[in-house]
Amino acid sequence: WECLFPLSQCDNEPLAQILDKPRLVVVEEPKDRGMRFRYQCEGRSAGSILGASSTDSNKTQPTIEVHTWFLFLRWEFNISETVGKYFLYFVSSCSFANLGIQCVKRKELDDSLQKRRNQNIDPFQSELGAQTGIEDMDMNSVRLCFQCELEWEDGRKDSLSPVVSKPIYDKKATTTSELKIYNLNKFKGSCKGKTEVYMLCDKHTKRPVPSQTSYVNQMF
DNA sequence: AACGTGATCCC
DNA sequence: TGGGATCACGT
């Protein structure tokens, strides 16, 4: 366990008491865009999802932590009273490297969900797709779900409530991929407005850059 | 039947 | 990893 405040500040042995059920917390969300969902036929590796705050020089992974609040009571001799303080501890932390998303073919969606039901994988008891119907299930975005069970020294177990990450969007899908600007006809405009700006983005069929005059016609 | 789009597969 | 070919299907 790691203490988030300096224990040396406690001049006598504190009495600790857990105030709440420990909670599972997503402390580093997955990067929401930039990864492609891969089909099984595309091979073993589906890539690895980085953390939302990841940079080239400082890579992070999606990370969860178990948090719990403790109450510490100690005697303050000079004030002659018992004072309590809350401190946040984190019990443990877990990062996930090399998470990738493997997508299921629409036709195999039914089977895939059934498989999950059979394995009892349904953290929110949502009956997997029962409410929306799989027809209009969004196949281009997912959330990661984390579950955790704690076992205390006395053998008691705590099943923590499952948590989900923010959504992750498929980079390959035209509907959710990041649009990259590859051409702009103007880079500034009047504060009064009325400047028409045409912006060409990725996912259009690329073509030779047209002349300034033919631009608009080509675009629309 | 041709075309357009998204899904899937291939390299 | 990313681009593109190919498939599937609706119009």
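Small disclaimer: the values here were computed from a predicted structure and weren't measured.
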Margin query: Clusters formed by hydrophobic residues whose side-chain heavy atoms approach within less than 4.5 Å: which one holds V27(A), and what are its other members?
Written below: V25(A)
Item checked: Heavy-atom side-chain contact between T63(A) and S93(A) under 4.5 Å -> yes
Please tabulate the protein-to-nucleotide N/O contacts below 3.5 Å involving nucleotides 7-11 of chain B, giving atom names and distances.
{"unit_1": "dT8(B)", "atom_1": "OP1", "unit_2": "R106(A)", "atom_2": "N", "d": "2.7"}
{"unit_1": "dT8(B)", "atom_1": "OP2", "unit_2": "Y39(A)", "atom_2": "OH", "d": "2.5"}
{"unit_1": "dT8(B)", "atom_1": "O5'", "unit_2": "Y39(A)", "atom_2": "OH", "d": "3.3"}
{"unit_1": "dC9(B)", "atom_1": "OP1", "unit_2": "K105(A)", "atom_2": "NZ", "d": "2.8"}
{"unit_1": "dC10(B)", "atom_1": "N4", "unit_2": "E42(A)", "atom_2": "OE2", "d": "2.6"}

Check: What is the distance from NZ of K31(A) to P of dT1(C), rounded to the nearest Å?
Finding: 12 Å
Check: Y169(A) OH to dG6(B) P: how many Å, rounded?
Finding: 18 Å
Notebook entry, point to check: What is the minimum heavy-atom distance between D32(A) and P167(A), and which atoms define it?
Noted result: CB-O, 3.4 Å
Notebook entry, point to check: Do you know the tightest heavy-atom contact between K172(A) and R36(A)?
Noted result: CB-CG, 3.2 Å
Next item on the list: Before giving the answer on side chain to side chain donor-acceptor pair (under 3.5 Å), spell out for Q119(A) and R116(A) the whole-Å C-alpha distance, their side-chain angles and the decisive distance to 0.1 Å.
Entry: CA-CA 5 Å; Q119(A) 296 174 103; R116(A) 265 150 239 260; over 6 Å; no
